[in-house]
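These notes concern the structure reproduced below.
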Amino acid sequence: MSEWQPTACILCECNCGIVVQLEGRRLARIRGDKNHPASRGYTCNKALRLDHYQNNSSRLPTPMRRRPDGSYEAVDWDTAISEIAEGFQHIAQTYGGDKIFYYGGGGQGNHLGGAYSGAFLKAIGSRYRSNALAQEKTGEAWVDAHLYGGHTRGEFEHAEVSVFIGKNPWMSQSFPRARVVLNDIAKDPKRSMIVIDPVITDTAKMADFHLRVRPGTDAWCLAAMAAVLAQENLCDEAFLAEHVNGVDPVREALRNIPIADYAQHCGVDEELLRAAVRRIAAADSVAVFEDLGIQQAPNSTLCSYLNKLLWILTGNFAKRGSQHLHSWMSPLMRASGVGRTPVTGAPIIGGLIPGNVVPQEILTDHPDRFRAMIVESSNPAHSLADSDACRRAFQSLELLVVIDVAMTETARLAHYVLPAATQFEKAEATFFNLEFPHNTFQLRHPLLEPLPGTLPEPEIWARLVRALGVVDEADLQPLRAAARQGLPAYTEAFFAAVSANPALSRVLPYVLYETLGPTLPEGLAGAAALWGLAQKTAATYPDAVRRAGHADGNALFEAILQNRSGVTFTVHEYEEDFDLISHPDHKIALDMPEMLAEISNLGDNRTTLTTPQFPIVLSAGERRAYTANDIFRDPTWRKRDVEGALRVSVEDAQALGLVNGGRARITTARGSAEATVEISEAMLPGHASLPNGYGLDFTDVAGREHISGVAPNALTSTEWRDPYAGTPWHKHVPARLEPVAG
């Protein structure tokens, strides 16, 4: 067995550091990496099962091309690359490059490939893109952009009061050492935890205040909480006067809210609600985390605005244990404003098209419809709403290319499938760098050689760019020579070359890969793009980078290459948070007219989405101990809940004749499925849930086919989405439940 080697978990945004012992090509032993600067040896149970990702029978060993009859044939890389490049060139020349749509950019922890995709996409004129963030975070991103121009994260490790809204970090993690931090909060009588969630989650069981809202009524709960701050004069007036603009319209809107009425509507005892708000107001520090429970439910964008009022009105910003803006190695979304999609006119926030409009942007005779698509390290045929509509849309495309490690549901619809190396067979990294005051980054070195026949995504994109012939080799030679002389010479040559040749600036990741990449340590050519990001990071946060021990961008890049367990790349002072506000006056802009109008409408807009035909609210995609993202295709990794049970309340089970361990049919306006029943006191009457990560097809080594559990998006609709951001209402699907005779 090999020595312990550092790498990272790839199953959630935390990307906790782990160390691995190999046995051949198996990840034989896995444990937390004590040297990782953020996770410090912590990991949850899911990371221990990562060999089920690395070694599974769904791996693709060669490029595949679809035959006219729908079957696939293996082709060599040169054939696949040349035909794909020619196909996209034809689409671009015939209809325009903006008719080529890109979905992906990397799954959890699989981001370096996405860094190189931009060179090819720009070369063919592709403009439109999307990924999983548009399923969750764009409403919050739109609010963030208006308020302060960046993304905030709570410092829960030191917060006196931690607030979790539609969030169960005991299961979903999302910040470093989540379970350790939660236990520390629960054991400390001087600290408090507030959970807003209809479900008695593992985190809610630990909470001092569990505001158990009725599904879909979070906006009324949050509006009432913000109103308590205004009506009981609990705001931090000194902070608001010095650091916030537009307070008066917000205060006026909150003073008109009938708190008792809203508490009754959301099902939370008024005195409990008021007590929770008073605890927030009295605390020296408060950190807040919103997540999919409200981000994929009605009024999601409004809820994002309202929950931020809780910490802004109480001055919980730019101090230890509160909410913070933070540095980035590379922003996860573009900073541009809201645009519109070419066919439906849906909002494009952060450069991302809402997933729920993707089929409609394809299945039309509109002249601006998408005619071709590239999917990288993503599975939208399974992960987007209304899987059937997605399949029909993707099948109608003139060209669909999928880059992935496995023959996914989306890959089965493609004209070409290009097999990628796994995350442990190549240089890889994550750009979920969200912490403050210390922010960390990890370049993961390959543990194994790529499986024969597969390639890392940076090499795939480089071959596609080469096939287009958009860069003259003569332009690259001086940079190749400079790279061999070392980083100082390369830095000077690179900036001179880009200034003199604008054509190079359109394909910068490709230029870095082709010139700097070959000089990097073996297996790390794909890290070349990080040199450019290190230069930008050092220029954007010079003081914070120097505090972290890096003199400049080159020093930061070298530290990233050398520290296999990760590196702290910025160290901020708390008062610098105000400098990270992007508005010219570095003040929070609280007045959002659209959201204030929504607050005013809450009193008159209490219609429910459920009906006598579909009386149950189904949460499609609950995170549990044995659920993960789609890269875990092999169902044998699960020790429990193998089929992904439908959780229902005791009351609903009695009323509907459902029995524990029996079967139930779930029917929505979009589809129908069967699941095993689990009766749970954690669920409110009228509320049921299905887990995420199920319904994937898998063929084992013996050739047996498996589909375990329900694919949640067989039951969801593209029509159920937020009016501002287009994010889906996966957590609020009207449904009907019926027992299935055994």
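Below, all heavy atoms of this structure are taken into account, side chains as well, without hydrogens, waters or symmetry copies.
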Trace of the salt bridge (charged side-chain N to carboxylate O under 4.0 Å, His left out) decision for E459 with R466: CA-CA 10 Å; E459 176 63 21; R466 289 177 205 142; 3.3 Å; yes
Indicate, with yes or no, if the rings of [X] and [Y] have centres closer together than 6.0 Å.
X	Y	value
F557	H550	no
F156	F164	yes
W461	Y513	no

Checking [Y] against [X]: is there a side-chain donor and acceptor pair closer than 3.5 Å?
X	Y	value
E290	S304	yes
S383	Q135	no
Q54	E425	yes

Could you pull out the closest heavy-atom pair between A134 and P354, with the gap in Å? CB-CA, 4.2 Å
Would a distance-only check, ignoring hydrogens and angles, find a side-chain to backbone donor-acceptor pair under 3.5 Å from R177 to G41? no
Would you please classify the geometry between the Y574 ring and the H324 ring as parallel, tilted or perpendicular, with 30° and 60° separating the classes? tilted
Aromatic plane relationship, F578 with F317 - under 30° parallel, 30 to 60° tilted, over 60° perpendicular: perpendicular
Any side chain to side chain donor-acceptor pair (under 3.5 Å) pairs touching residues 556-568, not counting sequence neighbours? D33-S565
